[in-house]
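Please read these numbers as outputs of a predicted model, since none were measured by experiment.
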Amino acid sequence: YYRWTYLRPFVAAIPFVATCWFIAHVVRPAGLVAFMASVACGLVTYVIPCWLVVLAPGERERVRGVVLQRLRLAPSA
């Protein structure tokens, strides 16, 4: 229970925290466009580990089906 509930999301958040630190201390976006691009990069570094680490294969398949259905790329069941 604790592994799925606490450990996996914590592990998935480590790259996101590292990216946020890098953006805040190294990149330091000068304008709004640069800041929004940094935010987009930060979100990618959270979504990908969550997809790979947090979600079980069945959950990934359900999410994929819902997203494809919403984008109307898959026939609705």
Side-chain angles (χ1 to χ4, degrees):
Y1 170 78
Y2 290 106
R3 186 172 130 210
W4 280 99
T5 305
Y6 297 111
L7 183 62
R8 285 179 174 252
F10 177 77
V11 168
I14 291 172
F16 177 68
V17 170
T19 301
C20 289
W21 180 89
F22 181 78
I23 290 168
H25 292 88
V26 177
V27 176
R28 296 185 184 196
L32 183 61
V33 174
F35 174 74
M36 292 304 216
S38 300
V39 168
C41 290
L43 288 175
V44 168
T45 62
Y46 186 65
V47 169
I48 292 173
C50 281
W51 181 264
L52 297 173
V53 176
V54 176
L55 296 178
E59 293 171 328
R60 284 192 291 253
E61 193 59 39
R62 267 184 263 141
V63 170
R64 185 181 298 122
V66 168
V67 168
L68 290 176
Q69 185 178 13
R70 296 249 172 126
L71 293 175
R72 301 183 196 281
L73 297 176
S76 58

Is it the case that one hydrophobic cluster holds both Leu43 and Val17, taking links as side-chain heavy atoms less than 4.5 Å apart, direct or via other members?
-> no
Applying the 4.5 Å side-chain criterion to the ILVMFWY set and letting contacts propagate, would Val47 and Val63 be lumped into a single cluster?
-> no
With sequence neighbours excluded, give me every side chain to side chain donor-acceptor pair (under 3.5 Å) pair touching residues 55-68.
-> Glu61-Arg64
Transitively linked via ILVMFWY side-chain contacts under 4.5 Å: Val26 with Ile23?
-> no
Members besides Ile14 in its Ile/Leu/Val/Met/Phe/Trp/Tyr cluster (side-chain heavy atoms under 4.5 Å) = Phe10
Which pair of heavy atoms, one from Ala34 and one from Ala30, lies closest together, and at what distance?
-> CB-N, 4.2 Å
Mind checking side-chain contact (heavy atoms from CB on, under 4.5 Å) for Leu7 and listing every partner two or more places apart, or none if nothing turns up?
-> Arg3, Val11
Hphob cluster co-occupancy, Val54 + Val67, side-chain heavy atoms under 4.5 angstrom = no
Which residue pairs pass the side chain to side chain donor-acceptor pair (under 3.5 Å) test when at least one of the two sits in residues 13-28, sequence neighbours left out?
-> Thr19-Thr45, Trp21-His25
Could you note down all residue pairs passing ring-ring contact (aromatic ring centres under 6.0 Å, His included) where residues 33-53 supplies at least one of them, sequence neighbours left out?
-> Phe16-Tyr46
Connected via hydrophobic side-chain network under 4.5 Å: Val66 and Leu71 = no
Would you please name every residue forming a side-chain contact (heavy atoms from CB on, under 4.5 Å) with Val27, sequence neighbours left out?
-> Phe22, Pro29, Ser38
